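Working notes for the structure below.
Everything quoted here is computed from the prediction, not taken from an experiment.
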2 protein chains.
Amino acid sequence: MNIGEIARRAGVSRSTVSYALSGKRPVSDATRRKIREVIDELGYRPNASARALANGRTSTIGLVFPPAGTHYTGMQLDFIGSVVEAAAAYDYDVLLSPSGVDSDRSFQRLLGERRVDGAILMEIRLADDRVDHLADLGFPSVAIGRTAHPERGWWVGLDHTALAQACVHHLADLGHRRIAFVNRPEQLLRAGYESAHRGLDGFTKAAAERGLTVRTYNCGDDAASGQACLERILRDDPATTGLVTLNEAALGGLYRGLAQAGRHVPRDFSVTGVVAGRWAETVTPQLTAADVPAEQMGRLAVDLLVERLDNPDTPPRNHLLAPPISLRASTGPVFGTA
Amino acid sequence: MNIGEIARRAGVSRSTVSYALSGKRPVSDATRRKIREVIDELGYRPNASARALANGRTSTIGLVFPPAGTHYTGMQLDFIGSVVEAAAAYDYDVLLSPSGVDSDRSFQRLLGERRVDGAILMEIRLADDRVDHLADLGFPSVAIGRTAHPERGWWVGLDHTALAQACVHHLADLGHRRIAFVNRPEQLLRAGYESAHRGLDGFTKAAAERGLTVRTYNCGDDAASGQACLERILRDDPATTGLVTLNEAALGGLYRGLAQAGRHVPRDFSVTGVVAGRWAETVTPQLTAADVPAEQMGRLAVDLLVERLDNPDTPPRNHLLAPPISLRASTGPVFGTA
DNA sequence: GCGGGGTATCGAACCGGTTCGAGCAAGGAG
DNA sequence: CTCCTTGCTCGAACCGGTTCGATACCCCGC
């Protein structure tokens, strides 16, 4: 079922059918009606590959995904969902690309073979060759996250430094003097993940400002690691009274560790961090945290990308978000301080 | 940069370049080397749309996604990740399609416009028009889940009936006589979601066999609903001593409800259900549950789909999985029974 | 020295759309 | 009545690959 068949049955030429569909040239009411009729009867839809070949646009955007194999976090899930949804509103499909260990193969498929009109990158590193590469190529893309030099790029990011600082100040205001920082896995820190680095920076800086005694930890992205990490924290310094975490996946494990050490949250120990809202609410007591607005970020990324696709010469734009801390139930004054 | 340009620079015809790349006809060593050289120098990659148009295959599979707007569960995330990963191993890309309220629009894009070679469907309903529609069309697809009449289809499913029964027997063996069932939201049950229906069936049947006193509940897919649901359970029958849940997203809320009612798990109250392993381990105490092997299911679905794409006339195949219950820490004998 | 078989290559057609330039008919102005 | 617009439609070329049939060449046997 192709455009030629439609044309034949409607008694017109292929180009007339094309114009009737696109509206790029006037077509008489009578023929338009006839064509519509035939199309509706046969349930015709133009072939996407042929269209893409002819006009150079695929109506597809690539979502470059965190490496498979590692665990996905709830935040990433929210990103994906919101990107897909926002893209659909603009009539774009979303092609997933696992930018795995050899990011190259899948990456080359997307760009080299022209499968997508533009790309959204997740899990940005401070020095990110993917971002640099795309910038060099002038390929339309938007990053969810910032590299070390975000000035001339398109991105939507979270101010991890400010958020970690806010968490520290929140705990310090409650009287905590000895706190710990639970970061993403060491391997990600070493790879230069921006959230891990900027978060750590913010934590360290704010702790110094407030004169707090701190220890920082890397923790695997799963519950067992979280539990182990908490045990280390209390072993290293039993006088610790609070922690800040960026590690959503470890949260359940951290809580379990506290429960098993007999520390009651928030009476004996305060927990806070940077976590997507719906996941902060699944733990008991509910986590006081800077809620990552994942849906909003996904939507903004798509908005920026579509804007960039529509007018290729717009100067770079970006959004830096710093959501406030939502007070829930996991933090409180240090015992004896209130 | 197209195949004609490569041909020109290598001093051969376009078809020779094509044959050198595909290997479908012999090409002399000398020309092959020359062509390789030019291609490597220019970083040429054949245009995916043109190739798809010419040979009728897009090397893309569609993943038809649960309706956006509702919450995604961790299990769904695991499916998506494993499907993408498995597809990449076969050199297929994955196109996401939110089969939203008007499933039609996005669905038509995928199939009608020939964007994908095949599709994997998630969130199957007992009477699922998508499945029927694809079967009528003979379109290669694999469902993750079973309709009411799965005999002649391609799918990989979970034996929800058996799993729910196993949960009931587990609780009954521990001496529980009054238990509750926490199902997915009522709206999903009404829509005919297979997990909700088959799970409920299994629960009801097994409870009758063992002569248990039961109540069944629908619960929203979030922590707040879980908490509210648990409060209702204890209000409706304070003598309830255990529950079975299919609702992963509500789990945190159920635990919170129990904690606030002063019921200790597993001493005063046992919790079990059907939940993906990594999420069962984030709660404290860790959930004794039938672990949904989401990664395996995603991989199997891709395997089946690729098999079907490679030889279109194979008779339908399927995999019905029934993982055993993993004993963790959330169930125990009824107080006074042990 | 000539016919036969195999190998390497080429040109042309095709996949299914879009787009450009040209043609044709009807209608209004001069 | 002629000329020029204007509105609609058509045919052909093009996007960038793949594939088929034909051709040119070489080596071999007789």
Side-chain angles (χ1 to χ4, degrees), chain A residues 1-39 42-60 91 93 108-117, chain B residues 1-39 42-60 91 93 108-117:
Chain A
M1 205 44 49
N2 57 34
I3 202 175
E5 184 63 18
I6 302 295
R8 209 180 53 70
R9 301 210 190 194
V12 298
S13 74
R14 302 197 305 148
S15 49
T16 301
V17 176
S18 178
Y19 287 125
L21 282 165
S22 70
K24 295 194 178 174
R25 278 195 191 177
V27 170
S28 76
D29 269 5
T31 37
R32 190 201 325 285
R33 223 185 335 265
K34 179 65 187 159
I35 290 172
R36 261 261 75 80
E37 223 168 75
V38 176
I39 285 181
L42 274 65
Y44 164 79
R45 306 223 71 197
N47 180 301
S49 302
R51 172 175 286 174
L53 177 58
N55 65 18
R57 300 169 25 88
T58 60
S59 297
T60 303
D91 270 327
D93 284 327
Q108 282 300 320
R109 279 173 73 95
L110 286 196
L111 306 196
E113 303 183 3
R114 309 246 144 66
R115 274 171 204 272
V116 301
D117 297 335
Chain B
M1 203 45 48
N2 57 34
I3 201 173
E5 183 63 17
I6 303 295
R8 208 180 53 70
R9 302 210 190 192
V12 298
S13 73
R14 302 197 305 148
S15 48
T16 301
V17 175
S18 178
Y19 287 125
L21 282 165
S22 69
K24 295 193 178 174
R25 277 196 191 179
V27 170
S28 75
D29 269 4
T31 37
R32 190 201 325 284
R33 224 186 332 268
K34 178 67 187 155
I35 290 172
R36 262 262 74 83
E37 221 168 76
V38 176
I39 286 182
L42 273 67
Y44 163 79
R45 304 222 73 196
N47 180 302
S49 302
R51 172 175 285 175
L53 177 58
N55 64 18
R57 301 167 28 87
T58 60
S59 296
T60 303
D91 271 327
D93 284 327
Q108 283 300 320
R109 280 173 72 96
L110 286 196
L111 306 196
E113 303 182 4
R114 308 248 143 67
R115 275 173 203 271
V116 301
D117 296 335

*Would you check if the side chain of A/R114 reaches a backbone N or O of B/R45 as a donor-acceptor pair within less than 3.5 Å?*
no
*Does a donor on one side chain and an acceptor on the other come within less than 3.5 Å for B/T60 and B/D93?*
no
_Under 4.0 Å from a heavy atom of chain B: give me the 5'-most and 3'-most nucleotides of DNA chain D that qualify._
D/dG16 to D/dA22
*Just how far is it from atom CZ of A/R57 to atom CG of A/D117, taken to the nearest 0.5 Å?*
5.5 Å
_Any residue in residues 7-20 of chain B with a heavy atom nearer than 4.0 angstrom to DNA chain D? Just list them by number, or reply none._
B/R14, B/S15, B/S18, B/Y19
*Rounded to the nearest 0.5 Å, what's the gap from OG on A/S49 to CD on B/E113? Could you check?*
10.0 Å
*asked:* side-chain contact (heavy atoms from CB on, under 4.5 Å) for A/E5 and A/V38? Distances and angles first, verdict last.
replied: CA-CA 10 Å; A/E5 184 63 18; A/V38 176; over 6 Å; no
*On DNA chain C, nearest-nucleotide positions of B/T31 versus B/A50: which is more 5'?*
B/T31
*asked:* For B/K24 and A/S28, find the nucleotide of DNA chain D closest to each by heavy atoms; which residue's nucleotide sits nearer the 5' end?
replied: A/S28
_Nearest-0.5 Å distance, CG of residue A/N2 to OH of residue A/Y44_ = 7.0 Å
*When we call it a touch if two heavy atoms are under 4.0 Å apart, what does A/P26 touch: a base, just sugar-phosphate, or nothing?*
base
*Rounded to the nearest 0.5 Å, how far apart are CZ of B/R51 and OG1 of B/T58?*
12.0 Å
*Do the side-chain N and O atoms of B/S18 and B/S15 include a donor-acceptor pair separated by under 3.5 angstrom?*
no
*Tell whether B/R25 reaches the base of C/dG6 with its side chain through a donor-acceptor pair below 3.5 angstrom.*
no
